[in-house]
Each structure stands twice: as structure tokens, then as C-alpha cells.
> 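A single structure is presented below for examination.
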Amino acid sequence: MAYWLMKSEPDVFGIDDLAARPNQTEPWDGVRNYQARNFMRAMKIGDQIFFYHSNTATPGIVGIAEVVREAYPDHTAWNPDSKYYDPASTPNKPRWDMVDVRYVRHLKRIIPLTELKGLEALADMPLVRKGNRLSVMPVSEAHWNLILALEDKPRT
DNA sequence: GCCAACGTTGGC
DNA sequence: GCCAACGTTGGC
């Protein structure tokens, strides 16, 4: 089993929105970056995901989700009315994929980006590197466990 | 709202 | 294939 981190803007679709969906499940559509898409293609059912809130007052990891359907074509790319429309993608030759993710739980507290940046052990995590804009990224098992342990610790 | 960093596009 | 211009991300 692998671990991932996926970013979303809470004003658009936050973890509370995921928890409120039927079956607490939602297709992760709208990814229009090749690197992020390729990571989604590598996801397997049961993989665990850190749900990250970006573009908000306190960006950080807020909860956990899991993969319940592996990569399949993102049909929003074919819809001219969608803000994710990409005329280069067609049903015969889909360019973009998505996965379905299901809510698992909120973390006991938000783990803010500022706190993650302060941890030497996470220095090589793409998330904390300057200028990183990847919206989907792998998380090593060591990092996953380290970050999970933070939710029971008071902020340092 | 600003703007640094980065990915993509398209002219040549 | 290069690279300038442009658009987007996302922290602050």
C-alpha cells in the first residue's frame, strides 16, 4: 500500500464537502498537470491520502482519505461548459485521468504547513520545498507515520 | 492582492 | 528544439 497527499482549496472542495458526499466518495477531477496525473495513475485501491487544504488562512493537512477507484478518464475534460474543459482530450483519446477517493477521517488537529516546514525530517518532502505546486504527490511511509504522530502532540 | 515559481504554449 | 510570453498555483 502506498501513501499520497492531495491538495484542494476548501472554498472549492474541502474535506467537509467530501465527508458530506453520498458514500463520502468523490471523483478527484480537474487535475491538469502531467506529473500529478501520472501519480494518480499509480494509485491503487486502498492507498491512503493526506487531504491538504491550500489557498486558505492556515494551509495544512486536515484529514485522511483513501482510493476507492483507480484511474479512469476525467470526462470533465470533454465538456465545453466545464472549467476543466480541454479540447485536446477526447473520449477516444483521453488525456486526463481521475481517481475516486473516500473520506476516512479528520485529523484530531490541523497540521499546518508552517509546522511541517519546521521539521528537519521532512525537508525532502516536495510539499515543503519552495515553489512546489504539485497538487498530487507521493508520501513515503516514514513521512506518513511521522506526520500522523504529530496529531497527538501539542504544536511545537 | 501581490508576486515568485513553475509548467505550458507557440513562434521561429 | 529553443525560449519568450503567458497563465496558474498557492503562500504570505
Side-chain angles (χ1 to χ4, degrees), chain A residues 2-21 26-43 47-67 71-101 103-140 143-144 146-151 153-156:
Chain A
Y3 302 97
W4 309 91
L5 181 144
M6 299 176 94
K7 296 180 182 174
S8 190
E9 301 185 24
D11 290 346
V12 178
F13 187 83
I15 191 164
D16 293 332
D17 297 304
L18 179 61
R21 280 290 191 269
E26 181 77 357
W28 202 273
D29 60 14
V31 171
R32 297 291 179 269
N33 170 282
Y34 289 107
Q35 211 179 345
R37 180 204 65 185
N38 291 343
F39 285 136
M40 287 202 298
R41 286 182 173 173
M43 290 182 182
D47 282 1
Q48 301 291 111
I49 303 160
F50 277 139
F51 199 111
Y52 178 93
H53 280 176
S54 65
N55 250 310
T56 187
T58 306
I61 298 170
V62 294
I64 297 173
E66 66 181 353
V67 177
Y72 61 105
D74 181 348
H75 53 75
T76 64
W78 310 331
N79 177 4
D81 297 326
S82 170
K83 65 171 176 169
Y84 301 128
Y85 179 57
D86 178 1
S89 182
T90 66
N92 282 338
K93 232 185 156 189
R95 172 177 290 193
W96 305 111
D97 281 4
M98 56 189 177
V99 296
D100 287 358
V101 306
Y103 172 81
V104 175
R105 67 177 179 88
H106 283 67
L107 295 187
K108 295 170 195 166
R109 67 182 182 93
I110 298 176
I111 314 286
L113 178 62
T114 51
E115 185 174 348
L116 299 172
K117 280 184 168 173
L119 297 172
E120 186 59 34
L122 297 179
D124 58 344
M125 195 179 179
L127 182 71
V128 304
R129 287 215 303 269
K130 188 178 177 185
N132 174 66
R133 301 181 346 191
L134 254 193
S135 63
V136 179
M137 71 184 75
V139 177
S140 73
H143 287 173
W144 178 273
L146 192 152
I147 292 166
L148 258 195
L150 293 176
E151 69 173 333
K153 289 182 188 162
R155 227 189 133 170
T156 49

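Scope of the values below: all heavy atoms of this structure, side chains included, with no hydrogens, waters or symmetry mates. By convention in this document, chain letters (A, B, ...) are assigned in the order of the sequence lines, proteins followed by strands, and residues within each chain are numbered from 1.
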> Heavy atoms of chain A, cut-off under 4.0 Å: which first and last nucleotide of DNA chain B, 5' to 3', fall inside that, if you could look?
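Listed 5' to 3', the contact boundaries are B:dA5 to B:dT8.
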> State which residues pass side-chain contact (heavy atoms from CB on, under 4.5 Å) with A:E66; sequence neighbours excluded, sorted by chain then number.
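A:E66: side-chain contact (heavy atoms from CB on, under 4.5 Å) contacts with A:Q48, A:V68, A:R102, A:V104.
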> Testing the 3.5 Å rule here: is there a donor-acceptor pair between the side chains of A:D74 and A:T76?
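The criterion, which ignores hydrogens and geometry beyond distance, is satisfied for A:T76 and A:D74.
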> Are side-chain N/O atoms of A:Y72 and A:D100 paired as donor and acceptor at under 3.5 Å?
yes
> Donor-acceptor pair, distance only, cut-off 3.5 Å: does the side chain of A:R109 make one with the backbone of A:L150?
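Yes: the side chain of A:R109 pairs with the backbone of A:L150.
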> If you find the nucleotide of DNA chain B closest to A:N55 and the one closest to A:R95, which residue's nucleotide is nearer the 5' end?
A:N55
> Could you go through A:E115 and A:K153, starting from their C-alpha distance and side-chain angles, then the distance that decides it, and tell me whether this counts as salt bridge (Lys or Arg N to Asp or Glu O under 4.0 Å)?
CA-CA 12 Å; A:E115 185 174 348; A:K153 289 182 188 162; over 6 Å; no
